[in-house]
Amino acid sequence: MLGGSPIVADQSAAMKELGEAMRRAGVTPAPGIGSLPAEYTAAQLPATLGGSPVLGISDLDLGPYPFEPSGTVLVAGPPASGRTTSLISIAQALERFDPETRLYYIGSRRSPVAAALEWVETATRPEEAAELARALAQAMTDDDTEGRIAVVIESLGEFLQSSADGPIVELAKAAKKSEHLVVAEAETSAWGSSWPLMGEFKNGRRGLLLQPDSIDGDILLKTALPRLQKNEFPPGRGVYIARGRFARVQLPLPS
Ligand SMILES: Nc1ncnc2c1ncn2[C@@H]1O[C@H](COP(=O)(O)OP(=O)(O)O)[C@@H](O)[C@H]1O
Ligand SMILES: [Mg+2]
């Protein structure tokens, strides 16, 4: 028994003495154990990493973590998990990575995302969204299109069974076959539905699950996750899944 006593305070004092004795004896101190920051700004991240934009800081090495700027990215999370903020951060990351990227927003007029960036075009009503999605799907599949197109869709479920439903499915398909990107966000519960609109993004098997439950990996992106503790995930922290792998990532607050 440490210090010969069952009392925690005595054991703690004995441990401290042991530490001091080891230092006096010249034992090399162990390096400190770092942890993910709960809050930081995008200015602290590099613009690129290995030729990709940077999503945030990961638990692998507490360093920047990249994401592929093509195909589809699903963003999920419970209310107040940081989904809206992450859409702004992702769009800003794309802007810093490649200032020539043409950014488009489909979502809600009232959302802070609409006002946070200089979008080439925004669409909020279903008819507008349908028209924009059709035009962008065509541009993505046209070999003469120069530069990268990136589309951010907020509250995807709002467009379910609207006139934009089919065109957004086609847009996601076009992105998967090209070097362009579609990021689509909805609450975790909304992603659970089996409509083709949701399915097209889930099948991409790439996404950011904020404040996830372990089963969300399997249900949404067919990727098994280990047991996760809810309290490991403050707002803006989640699991990023791609190619069957995952990492815990803390996203920055937008700059
Ligand atoms: N990356 C982040 N780092 C720190 N706090 C964040 C981050 N993202 C979101 N938050 C906090 O969580 C709150 C909810 O974020 P929000 O993006 O509106 O969530 P949601 O869209 O999921 O409801 C924000 O007001 C902010 O305080
Ligand atoms: Mg939101």
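Just so you know, ligand 1 is whichever comes first in the structure, and atom 1 is the first atom listed for that ligand. Side-chain atoms are counted along with the backbone in the values below, which use heavy atoms only and exclude waters and symmetry mates.
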> From Ile168 CD1 over to Ser163 OG, what is the distance, rounded to the nearest 0.5 angstrom?
Replying inline: 9.0 Å
> Do the charged groups of Lys176 and Glu200 touch, with an N to O distance under 4.0 Å?
Replying inline: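 Judged by the 4.0 Å cut-off on N to carboxylate O distance, Lys176 and Glu200 do form a salt bridge.
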> Quick one: which ligand 1 atoms are inside 4.0 Å of a heavy atom on Ala38?
Replying inline: 3 (N), 4 (C)
Polar-atom distance check: [X] versus ligand 1, any N or O pair below 3.5 Å?
X     : value
Thr85 : yes
Thr84 : yes
Ala80 : yes

> Between Tyr65 and Tyr240, how do the two ring planes meet: parallel, tilted or perpendicular, split at 30° and 60°?
Replying inline: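 Tyr65 vs Tyr240 ring planes: perpendicular.
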Under-4.0 Å heavy-atom contact with ligand 1, by part of [X] that carries it:
X      : result
Gln250 : side chain
Ser89  : neither
Pro252 : backbone

> Does the side chain of Glu154 pick up a donor-acceptor pair with the side chain of Thr84 at under 3.5 Å?
Replying inline: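 Side chains of Glu154 and Thr84: pair found under 3.5 Å.
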>> So for atom CD, which belongs to Glu131, do other residues, nucleotides or ligands contribute more than 12 heavy atoms lying within a distance under 6.0 Å?
In response: no
>> Looking at the Mg ion (ligand 2), is there an N, O or S atom belonging to Thr84 that lies under 2.8 Å away from it?
In response: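 So Thr84 counts as coordinating the Mg ion (ligand 2), yes.
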>> Going by the closest heavy atom to atom 5 (N) of ligand 1, which one wins out of Val75, Leu251, Leu253?
In response: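 Shortest heavy-atom distance from atom 5 (N) of ligand 1: Leu253.
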> Do you know the tightest heavy-atom contact between Arg96 and Ala42?
Replying inline: NH1-CB, 3.6 Å
>> Just to verify, which of Ile219, Asp216, Asp213 counts as forming a side-chain contact (heavy atoms from CB on, under 4.5 Å) with Thr188?
In response: Asp216
